[in-house]
Amino acid sequence: MKITLKDGSSKEYAQAMSVYDIAMDISEGLARAACAGEVDGKVVDLRAIIDSDVSLNILTANDKEGLKVYRHTAAHVMAEAVKRLFPEAKLTIGPAIENGFYYDFDHAAFSREDLDKIEAEMKKVIKEGAKIERFVLSREEAVKLMQDRNEPYKVELIEDLPEDAELSFYRQGDFVDLCAGPHLMSTKNIKAFKLISSSSAYWRGDSNKAVLQRIYATAFAKKDELQDYLKYLEEIKLRDHNKIGREMELFTTVDVIGQGLPLLMPKGAKIIQTLQRWIEDLEDNEWGYVRTKTPLMAKSDLYKISGHWDHYKEGMFVMGDEEKDKEVFALRPMTCPFQYYVYKASQKSYRDLPLRYGETSTLFRNEDSGEMHGLTRVRQFTISEGHLIVRPDQMVEEFKGCIALAKYCLKTLGVEEDVTYHLSKWDPENPAKYIGEPEVWNQTEESIRKILTELEIPFTEDIGEAAFYGPKVDINAKNVYGKEDTMITIQWDALLSEQFDMYYIDEKGDKIRPYIIHRTSMGCYERTLAWLTEKYMGKFPTWLCPEQVRVLPISEKYSDYAEEVYKELRKHGILASVDQRSEKIGYKIRETRLQKVPYMLIVGEKEEADKTVSVRSRFLGDEGAKALSDFINAICEEIRTKEIRQEAAEE
């Protein structure tokens with residue numbers, strides 16, 4: 001048989017060979033580093049036997065798929081260590097993930113001290129260097145093995161697998177786990193690892209099932225790579241909006257109020273107010289939107305018409321029991337059905353369209369507790385929501401306009417380069433999740449595809465991510481931990497106007513169904529605040545800062561002049577404060593810098609005499625003395641243009 005290698009060279013063998021044996025024949029060093037094989041493009045175990053002509057690539061930890069196998073083996077090492085230390089723990093699943101791996105256990109919560117003990121035990125497992133062996137059992141044998149080992153979750157997994165599934169196991173010493181693999185040849189090949197954290201997780205992601213304990217970890221083939229990654233983790237913690245937001249008193253959470261229900265404190269509320277006023281004025285004055293204000297709840301009847309009751313009820317907060325109560329209400333998870341009735345309140349002509357309805361909408365979604373995170377995933381949130389009612393011939397241009405508005409908002413916020421675009425499509429394999437015929441879905445998806453291509457916007461296509469009534473463009477961004485969230489969405493809806501009997505009168509006097517665009521211009525205000533906090537590490541552009549200037553009198557003798565400066569700033573709409581405390585000026589400067597205020601105006605004898613201010617900023621450091629009027633003109637222009645200035649290096 002002929003084996004064609006990655007570099008184009010080939011090897012010929014007279015008998016069948018395992019991937020590992022071929023790697024050993026090529027180079028003993030390659031065999032030691034090998035994690036898996038790639039045979040004709042498919043990743044296989046090192047133990048896999050090759051008996052025909054193929055293309056073969058030996059994967060090491062330097063390859064993405066090889067590193068995944070390396071980390072999957074590390075997950076088994078961790079599971080063995082947990083079972084040694086906590087024999088009562090029950091095994092579930094332990095996959096490799098983007099930046100490491102995790103394993104879920106049915107066990108009490110693990111403390112940091114527990115994780116340290118598990119790490120120490122993992123080192124013992126690795127030092128023992130047990131050979132990792134793969135074997136296959138029949139369904140009956142597999143179930144009996146896991147029952148004998150008192151692993152009920154593994155039994156459940158086996159029983160749920162298809163009848164013709166191959167049931168493979170991996171053994172390392174006394175530890176055995178149900179696993180499809182691939183895996184390394186020995187535990188001794190794991191060189192560098194670290195247990196990062198632990199948290200709760202639902203079995204199979206179902207909130208109605210058991211609560212498990214998940215241990216997150218990472219592993220690398222080289223110790224310096226691990227150290228670099230751990231350093232990176234420390235750095236991103238400094239950007240975590242959960243940390244910065246609480247330190248800056250932007251928001252807080254309280255157990256008795258509830259998970260996913262953050263309290264915006266004065267500074268955080270001021271930032272969101274600034275964003276909200278900007279978006280509303282932008283939409284209304286420059287993009288032709290008209291504003292609505294609709295109820296926060298409605299009867300279930302409304303959601304039954306829209307289809308949300310059938311497709312989205314589990315994600316809603318429902319008040320009442322349909323079997324007992326005359327009326328059942330639900331807090332709104334979206335605003336579209338309400339705005340449809342604003343449209344229907346009077347008859348519309350083709351001349352009235354497009355109609356662009358905008359609303360600052362507070363919405364409610366019953367997120368799983370395990371999904372909650374700071375301001376990015378909450379149960380009550382506010383979005384810059386809008387619905388455009390358009391004629392079919394207007395749909396493409398209006399959809400492009402929504403993308404242009406979103407891009408403008410992203411550029412103004414300084415995050416245009418931080419996002420990715422996704423065409424979120426329906427899943428034709430699961431048609432029950434959607435309304436409408438396949439032809440409509442195919443046509444609308446193709447229309448969006450053409451728009452993105454024409455606008456030269458790079459995008460990926462995601463099957464199964466569409467709304468139940470139409471495909472959409474999702475504009476996503478990652479948080480500091482690499483998790484991707486949707487920041488802005490623009491949805492193409494050719495179906496719901498039928499559900500709500502919406503129409504307009506065309507030139508011939510006929511009733512025509514309009515198309516609808518569901519969109520946000522900036523998205524969720526809370527999530528945007530989290531995003532910007534991490535982007536700027538709390539050093540927001542001046543126009544967004546809840547405190548833009550702090551006046552610092554050198555001593556109490558200059559308090560009156562400081563107050564005079566403060567009043568002049570406020571008269572021009574600048575968010576300012578005065579630090580009148582009897583502290584040394586050096587202390588006041590350090591504290592102002594720590595609180596990330598863009599500008600400090602220091603006033604003393606000379607400044608009072610000359611009617612000037614001594615300016616220190618986050619951007620240029622000590623800018624020297626300036627006439628107060630000159631400073632006010634400059635900062636007002638910076639705020640008006642929403643300029644994003646380059647931060648000076650830390651002193």
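Please read all numbers here as calculations on a predicted model, not as lab measurements. The first residue of the sequence shown is numbered 1, and numbering continues consecutively from there.
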For the residue pair [X] and [Y], establish whether any side-chain heavy-atom pair is separated by less than 4.5 Å.
{"X": "Y343", "Y": "F500", "result": "no"}
{"X": "Q394", "Y": "Y515", "result": "no"}
{"X": "V378", "Y": "P262", "result": "yes"}

Would you say the side chains of [X] and [Y] form a donor-acceptor pair under 3.5 Å?
{"X": "Y503", "Y": "D510", "value": "no"}
{"X": "K348", "Y": "S346", "value": "yes"}
{"X": "Q339", "Y": "T294", "value": "no"}
{"X": "T92", "Y": "R204", "value": "no"}
{"X": "T382", "Y": "T362", "value": "yes"}
{"X": "Y216", "Y": "R214", "value": "yes"}
{"X": "Q491", "Y": "Y469", "value": "yes"}
{"X": "Y408", "Y": "E286", "value": "no"}

Less than 4.0 angstrom from a charged side-chain N to a carboxylate O is my criterion; do [X] and [Y] meet it?
{"X": "E283", "Y": "R519", "result": "yes"}
{"X": "K243", "Y": "E247", "result": "yes"}
{"X": "K508", "Y": "D506", "result": "no"}
{"X": "K231", "Y": "E234", "result": "no"}
{"X": "D485", "Y": "K478", "result": "no"}
{"X": "E249", "Y": "K267", "result": "no"}
{"X": "E359", "Y": "R332", "result": "yes"}

More than 12 foreign heavy atoms under 6.0 Å from CZ of R277: is that the case here? no
I want to know whether F364 and F317 have ring centres closer than 6.0 Å. no
When L423, T486, D462, T420 are each screened for side chain to side chain contact (heavy atoms under 4.5 Å, CB included) with D474, the one that passes is T486
Would a distance-only check, ignoring hydrogens and angles, find a side-chain to backbone donor-acceptor pair under 3.5 Å from Y350 to Y504? no
Is R379 reaching over with its side chain to a backbone N or O of L261, donor-acceptor style, under 3.5 angstrom? no
What's the shortest heavy-atom distance between F399 and I517, and which atoms? N-CD1, 3.5 Å
